[in-house]
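Everything on this sheet refers to the single structure shown next.
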Amino acid sequence: MTIATVPTAEAALTDAQLRSLDVPGPRYTSYPTADRFVEAFGPTEYRQALRQRADGAVVGGVPPLSVYVHIPFCDSLCYYCACNKIITRHHSRGREYLGLLAREIDLHVAELGAGQGLSQLHLGGGTPTFLSDDELSELMGLLRGGFRILPNCEVSIEVDPRTATKQRLRHLVDLGFNRISFGIQDFDPDVQAAVHRIQSYDSVQELVAEARALRFESINADLIYGLPKQTPESFQRTIAQIAELRPTRIALYAYAHLPQRFKPQRRIAAADLPSGEQRVQMLGNALAGFIASGYVYIGMDHFALPTDALAIAKRQGRLHRNFQGYTTQPDCDLVGLGVSAIGRVGATYSQNAKTLPEYEDALAQGTLPVVRGLALTRDDLLRRSVIMALMCQGRVEYESIELAHLISFRETFAPEFERLKPLAEMGLVEINDQAIQVTPTGWYFVRAVAMTFDRYLQSDKVRERFSRII
Ligand code: SF4
């Protein structure tokens, strides 16, 4: 297949060109990517970054914060899972976990001061709706006790439809949630059985209809292609069903089969996986299907209705990117709470302990549970600006980077311009005297364009840690 099946594509790529683009690559929710974090960056360094932010607040004010809370528990295991989660039927663990989060919030308040304004709050997992309604109320109470949720704050939650009811959604609205994301993946019964995640179309339809009636500002549906037992025909049915549900946003991820790294995936028989050709077909069908149904392609696996804030931000060149993917919020410091959560404060990234006992031990000692992270160098900051401009605006203006980083763009990135040449020949980017511009076709491969500026990605061994672009 060629990408000519995508309605907005301006150029057709040959199969050989498509294959050359189908390599593993990061999703660039951060740069440098999380695999570069080091253990030399720990609680002391993180505390220092928090204090610097607090000092900035005293001197001249700082932009509002973003907070991510990781709830690691799930009732049952999905075989494709690559998340940090704990499978348990013991719901009492939810309340114990809230006690740990309360301590972690207190430690942050001690450094930042009480009442930091929040412009973004996201609950992810695992399964945030593993918590009961009362526990979710308690968690929001803890967060409101430590931070100030600003009036226009984006308050979002990932919902596993198997753990939600209409009543639950109403409770979420009462708690202040205004954005919701449903994990759907695929509606085909054979695929659902093969990945051990059974949820009927009717039950999801009922929830999406209720979310719409409750006026959630954005309703997202997560899908995955490349799952076992999936075929282009079966996935086509899921695409049509999703278009019928009409969520305001769709995130379409490629399944990365890495059973050596992710134990649950060992339950998936490699023989059940679709071929590379079928995956390309499914991606092409999804792109064409969603665009024909009125969705706008945002970039990197994301679609939105033209009236959705994300599509408006894309049109106005105001897209940003953080650990949750694309966002309309300008870059702001992100505090990650909970086991394995990642934060970004000032010119640093940090990650909490990945296991519950380790996370708990640190908090019992009154220490922030950060176990690794990174203080960004000048070169990291420069490349981050370029990569994020490509991923979010699809355009890098040399002058703006030169002014911000005091460099000569052409001289500094001479090797990168060489690496961009084949992509320019394929029609994915246009290079002129002022800027590098990603073309409409290039948007589908924007990761490959961004990768040319990634200093750490030069060996194939490093690349193999990431999922494939297609
Ligand atoms: S995919 Fe989501 S719900 Fe399923 S096991 Fe992983 S974290 Fe839990």
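When a ligand or atom number is given, it counts from 1 through the structure's own listing order. Side-chain atoms are counted along with the backbone in the values below, which use heavy atoms only and exclude waters and symmetry mates.
- Side-chain contact, E135 with H91: no donor N or O sits under 3.5 Å from an acceptor N or O.
- Listed by chain and number, C78 SG are the protein N/O/S atoms closer than 2.8 Å to atom 4 (Fe) of ligand 1, with waters left out.
- With respect to D272 and K229, a salt bridge is recorded, a charged nitrogen being found less than 4.0 Å from a carboxylate O.
- Among residues two or more places apart in sequence or in another chain, the side-chain contact (heavy atoms from CB on, under 4.5 Å) test is passed with A49 by V345, T348.
- Annotation: cation-pi pair R267/Y80 absent, no NZ/CZ under 6.0 Å from the ring centroid and within 45° of its normal.
- Cation-pi contact between R383 and F453: absent, since separation from the ring centre below 6.0 Å together with deviation from the ring axis within 45° is not met.
- Among protein heavy atoms, the minimum distance from atom 2 (Fe) of ligand 1 is reached at G126 O, 4.1 Å.
- Between Y255 and Y225, the gap from one ring centroid to the other reaches at least 6.0 Å.
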